[in-house]
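First the structure, in the form of structure tokens, and then the observations on it.
No experiment lies behind these values; they were computed from the predicted model shown.
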Amino acid sequence: IYWQNPGDSGQTPSVTWNLPDGFTAGDFLWPIPQKLPLASLADYGYKNEVLLMVPLTAPADLKPGHFVRLTCHVRWLVCNEICIPGDVQLNLRLPVRKHKPASSSRHGFLFQATRHNLPQEMPDDWKAFGTVGKKEFHVTFETGAPFSKSATASFFPLHPNQIENAPAQPFHASGTSFSLGLKRSDQLLKNTETLEGLLVLQEKKKPAKGYWVTIPLSGE
């Protein structure tokens, strides 16, 4: 299935809630996605198994001893050699209690693993900046600390039609900074002042780390 920016094709999963009075639902918390190459194109999404968590807020005057029913309609698109749309109406009846109940080992593991795979905000002491060329964006990140020689980085754009999704992103590290080359999309019809997206750092034999970044751009 697909990330919040599906890339060159695909469709982002969606959910429509029907909640009791006083309850509110937030947006999906998106784990770090993968690039999914397809011929000369590329999508962004997930293989095998993924958990898309949604934060729910209950009303402050909710009292123990009652039950609440949470209902939602979920839509998604699963693709391999062909694409199959899916949708389902789900409902869950939950007791209101003062204490957190014990969770099953399977579900507890899924939530724990997903939380470890959620992107973070870019550290305050990092600096990000970029330049706009005729055919590419050149973006640089200054971290203030030596960059591991075994690490690489990749950028997942939050908005479509800013960069070409399939091409390689040339990576270069030097001292306390690293840079990426991002090919400009042929669909980018106007100047853009920033690139927003997900920076993913991958170090050998370690889990990937993701950071939400906003990169200010200037002309070359």
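- Through ILVMFWY side-chain contacts below 4.5 Å, Leu41 is grouped with nothing and stands alone.
- For the atom pair OH of Tyr2 and CG of Leu36, the computed distance is 7.5 Å after rounding to the nearest 0.5 Å.
- To the nearest 0.5 Å, atoms CG (Asn117) and CD (Gln112) are separated by 12.5 Å.
- In this structure, Ala166 and Ser40 approach most closely via the heavy-atom pair CB-O, 3.3 Å.
- When all heavy atoms are compared, the tightest approach of Phe171 to Ala151 is CE2-O, 3.4 Å.
- Side-chain contact check for Thr131 versus Phe137: every heavy-atom pair is 4.5 Å or farther apart.
- Contacts classified as side chain to side chain donor-acceptor pair (under 3.5 Å) and involving residues 53-71 (residues at least two apart or in different chains) are given here: Arg69-Asn91.
- Annotation: disulfide (SG to SG under 2.5 Å) contacts involving residues 43-80, sequence neighbours excluded, comprise Cys79-Cys83.
- Although no hydrogens or angles enter the test, the distance criterion places a donor-acceptor pair under 3.5 Å between the side chain of Thr12 and the main chain of Trp3.
- For Thr176, the side chain to side chain donor-acceptor pair (under 3.5 Å) partners two or more places apart in sequence, or in a different chain, are Glu142.
- Leu52 and Val88 fall within the same hydrophobic cluster, where Ile, Leu, Val, Met, Phe, Trp and Tyr residues are linked whenever their side-chain heavy atoms come under 4.5 Å apart, directly or through other members.
- Of all non-hydrogen atoms in Tyr46 and Pro33, the two that sit nearest each other are CE2-CA, 3.7 Å.
- With sequence neighbours left out, Glu49 forms a side chain to side chain donor-acceptor pair (under 3.5 Å) with Arg106.
- Pro59 is not listed as a side-chain neighbour of Asp21, based on a closest heavy-atom distance of 4.5 Å or more.
- Taking CG of Leu56 as the start and CG of Leu70 as the end, the distance is 6.0 Å to the nearest 0.5 Å.
- Within the 4.5 Å cutoff, no side-chain heavy atoms of Pro64 are placed close to those of Arg97.
- Between Phe67 and Pro20 there is no side-chain heavy-atom pair separated by less than 4.5 Å.
- Listed by chain and residue number, Tyr211 satisfy the side chain to side chain contact (heavy atoms under 4.5 Å, CB included) test with Lys209 (two or more places apart in sequence, or in another chain).
- Clustering ILVMFWY residues whenever any of their side-chain heavy atoms sit less than 4.5 angstrom apart, transitively, puts Met53 in a cluster other than the one holding Trp17.
- Legend: side chain to side chain donor-acceptor pair (under 3.5 Å) pairs involving residues 74-87, not counting sequence neighbours, sorted by first then second residue: His73-Arg75, His73-Asp87.
- To the nearest 0.5 Å, atoms CZ (Phe178) and CG (Leu201) are separated by 5.0 Å.
- In this structure, Ser185 and Ile163 have side chains that are not in contact, with every pair of non-hydrogen atoms separated by 4.5 Å or more.
- Counting only residues at least two apart or on different chains, no salt bridge (charged side-chain N to carboxylate O under 4.0 Å, His left out) pair has a member in residues 166-181.
- The CG atom of Leu195 sits 4.5 Å away from atom CG of Leu217, with the distance rounded to the nearest 0.5 Å.
- Side-chain atoms of Asn5 come within 3.5 Å of backbone atoms of Pro157 as a donor-acceptor pair (strictly under, hydrogens ignored).
- Grouping the Ile, Leu, Val, Met, Phe, Trp and Tyr side chains by contacts below 4.5 angstrom, directly or via other members, places Leu188 with Leu182.
- The hydrophobic cluster containing Phe129, built from Ile/Leu/Val/Met/Phe/Trp/Tyr side-chain heavy atoms closer than 4.5 Å, comprises no other residue.
- Of all heavy-atom pairs between Gly7 and Asn165, the closest is C-ND2, 3.6 Å.
- With sequence neighbours excluded, no residue satisfies side chain to side chain donor-acceptor pair (under 3.5 Å) with Arg184.
- When the shell of 6.0 Å around CD of Gln89 is examined, it contains more than 12 heavy atoms from other residues, nucleotides or ligands.
- Residue pairs meeting the salt bridge (charged side-chain N to carboxylate O under 4.0 Å, His left out) criterion with at least one member in residues 196-206, sequence neighbours excluded: Glu203-Lys206.
- Rounding to the nearest 0.5 Å places CD1 of Ile215 at 8.5 Å from CE of Met122.
- Residues that satisfy the side chain to side chain donor-acceptor pair (under 3.5 Å) test with Asp43, not counting sequence neighbours, are Ser9.
- Under a hydrophobic-cluster definition in which Ile, Leu, Val, Met, Phe, Trp and Tyr are linked whenever side-chain heavy atoms come within less than 4.5 Å, directly or via other members, Ile84 and Val50 are assigned to different clusters.
- Hydrophobic clustering, with ILVMFWY side chains joined whenever heavy atoms are under 4.5 angstrom apart, groups Val78 together with Leu90.
- Within the 3.5 Å criterion, the main-chain N or O of Ser174 finds a donor-acceptor partner in the side chain of Ser177.
- Note on ring orientation: taking the six-membered ring where Trp is involved, the planes of Phe156 and Tyr44 are perpendicular (angle over 60°, cut-offs 30° and 60°).
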Could you check Leu199 against Leu180 for side chain to side chain contact (heavy atoms under 4.5 Å, CB included), going step by step and ending with a plain yes or no?
CA-CA 10 Å; Leu199 175 71; Leu180 288 168; 4.1 Å; yes

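- Gln169 approaches Ser154 most closely through the heavy-atom pair OE1-CA, 3.4 Å.
- Of all the heavy atoms in Val74 and Val15, the pair that sits closest is CG2-CG2, 4.0 Å.
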